[in-house]
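First comes the structure, then the notes that go with it.
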Amino acid sequence: MKKKLDLGSVILLASLLVGILSGMRVTAILENFLFALIAPTTLKLVGSILLIFTLGNLLNEGGNLKNINSSLEAFIRDRRVTLIIPSTLIGLLPVAAGAMLSAPIVEESGNKMGLTPENKTFLNYWFRHIWEYTWPLYPGLVLTSAILSVPLYRIVLAQLPLTLSAIFSGCIFGLSRLPYKFSSKKGKGEVIKGICSFLLSAWPILAIIFFVLVLKWELILSLLIIVGFTLATTRIKRERIFFVLKNSLSWRIVLLIVSVMVFKRVLEASGVLVRMPGVFNYAGISPLFVLFFLPFFIGLSTGVTTAFVGIAFPILLPFIGIDNPNLTYVMLAYAGGFTGVLLSPVHLCLIVTKDYFKADFAGVYKLLLLPVLFVVLVAFMIVLVQNFIS
């Protein structure tokens with residue numbers, strides 16, 4: 001699929017086939033295509049995701065992440081923690097193959113600690129992705145919010161246990177195996193300087209958290225303000241600003257977002273969603289099985305978060321709830337899809353990181369298995385407890 005057709009084109013074609021096979025008139029299909037295209041939700045979604053990529057590229061170009069990493073090292077002494085800081089911070093920026101941005105720093109620190117290529121690959125890869133369940137800048141979450149018509153902050157809060165369990169399992173199955181090593185103690189002045197430098201470099205990221213999660217502003221408004229201030233305050237040459245803006249405007253991303261919203265609308269208009277639960281009940285298939293494994297297989301086969309969200313979530317709406325979505329079920333579906341993405345052999349981050357460290361695929365998967373299973377177990381336990389209580 002990646003080599004032959006763009007994912008957005010595939011989803012648009014699937015929308016057309018759903019409409020035809022469900023007996024919709026061609027004019028009705030085209031009307032739904034048009035209405036989905038011009039819907040305010042679609043336009044805000046396109047704007048938000050393009051602004052997200054713009055902000056990420058601006059922070060990368062301005063050297064903010066490099067400054068954040070060096071400033072944190074001024075007041076964190078445990079070398080095991082400083083080893084994962086680069087990956088953790090890069091994870092705050094939704095950029096393609098982002099693990100490669102932190103790989104050279106992890107390589108240098110990992111060599112000092114005598115780590116194997118597989119260990120360096122795992123730590124860089126795992127901690128790069130711990131935020132993707134909850135960080136409001138990730139397109140997968142923004143897309144989920146739009147598909148379900150649920151405020152983004154509610155999705156973030158519902159999926160917070162996934163990020164917490166990812167951090168916990170990464171520390172238990174990754175960091176705890178490493179030897180204790182501490183850097184020299186810094187003076188009070190160096191620590192204060194490091195904290196101030198961190199706040200100065202990280203303010204756009206901290207502001208996003210404050211606007212979206214505390215003030216509960218719309219994401220697109222928050223991004224417009226932050227991107228505007230970042231452009232005004234970041235010292236980047238004029239020609240590089242033009243390059244960053246040009247790099248952030250991708251027709252493929254726009255096509256993918258629009259196609260997902262078209263797919264959702266055609267599914268709803270065709271009546272397929274209403275009949276789907278009955279089909280699975282007749283076949284004796286548990287809704288929990290469908291909620292987890294449909295996104296899982298899409299994530300595994302594509303290695304792309306927006307793919308499993310865009311394809312699976314509109315189909316899963318009858319199980320999740322159309323008018324009043326069950327956010328615990330959303331969390332389970334997201335856990336399933338992202339588990340597939342993390343284990344996908346075509347996931348760009350995994351491929352480039354493994355090649356960079358010259359690691360063995362089997363060895364990396366061996367380290368990935370237990371942390372992944374732990375997060376999945378947490379997701380299922382939360383669902384089962386909720387079902388038991390209710």
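These numbers come from a predicted model, not from an experiment. Only this structure's heavy atoms are used, side chains among them; waters, hydrogens and symmetry mates stay out.
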If I compare all heavy atoms of [X] with all of [Y], which pair ends up nearest, and what's the gap?
X	Y	answer
Ala379	Leu332	CB-CD1, 4.2 Å
His347	Val341	ND1-O, 2.9 Å
Phe292	Gly336	CE1-CA, 3.2 Å
Trp217	Ser222	CB-OG, 3.6 Å
Leu141	Pro136	CD1-N, 4.4 Å
Gly310	Ile147	CA-CD1, 4.3 Å

With clusters defined by side-chain heavy atoms of hydrophobic residues (ILVMFWY) lying less than 4.5 Å apart, directly or transitively, does [Y] cluster with [X]?
X	Y	value
Leu164	Leu157	no
Val376	Val385	no
Phe229	Val244	yes
Ile155	Leu215	yes
Phe296	Leu384	yes

Between [atom1] on residue [X] and [atom2] on residue [Y], distance to nearest 0.5 Å:
X	Y	atom1	atom2	value
Ile195	Leu200	CD1	CG	13.5 Å
Asn124	Lys354	CG	NZ	15.0 Å
Gln386	Leu327	CD	CG	9.0 Å
Ser22	Ile29	OG	CD1	6.5 Å
Ile311	Leu294	CD1	CG	9.0 Å

Q.
With a 6.0 Å cut-off on the ring centroids, do Phe308 and Tyr334 count as close?
A. yes

(Q) Please evaluate residues Phe319 and Tyr329 with respect to the criterion ring pair (Phe, Tyr, Trp, His ring centres under 6.0 Å), reporting the C-alpha separation (whole Å), side-chain torsions for both, the decisive distance (0.1 Å), and the verdict. (A) CA-CA 8 Å; Phe319 302 95; Tyr329 282 179; 8.9 Å; no

Does [atom1] belonging to [X] count more than 12 external heavy atoms closer than 6.0 Å?
X	atom1	result
Phe168	CZ	no
Phe380	CZ	yes
Trp131	CH2	no

For [X] and [Y], indicate whether the former's side chain and the latter's backbone hold a donor-acceptor pair under 3.5 Å.
X	Y	result
Tyr125	Leu342	yes
Glu118	Val364	no
Ser145	Val150	yes

Q) Does the cation-pi check pass for Lys120 over Phe357, that is, NZ or CZ under 6.0 Å from the six-membered ring centre and within 45° of its axis? A) no

**Q.** Residue pairs, two or more places apart or on separate chains, that pass side chain to side chain donor-acceptor pair (under 3.5 Å) and touch residues 31-50
**A.** Asn32-Arg265, Lys44-Glu218

Q) Do Thr134 and Thr163 have a side chain donor and acceptor closer than 3.5 Å? A)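 Checked: Thr134/Thr163 side chains pair up, N/O donor to acceptor below 3.5 Å.
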
Q) Aromatic rings Tyr365 and Phe361: how do their planes relate, parallel, tilted or perpendicular, breaks at 30° and 60°? A)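 Taking Phe361 first and then Tyr365, their aromatic rings lie parallel (interplane angle under 30°).
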
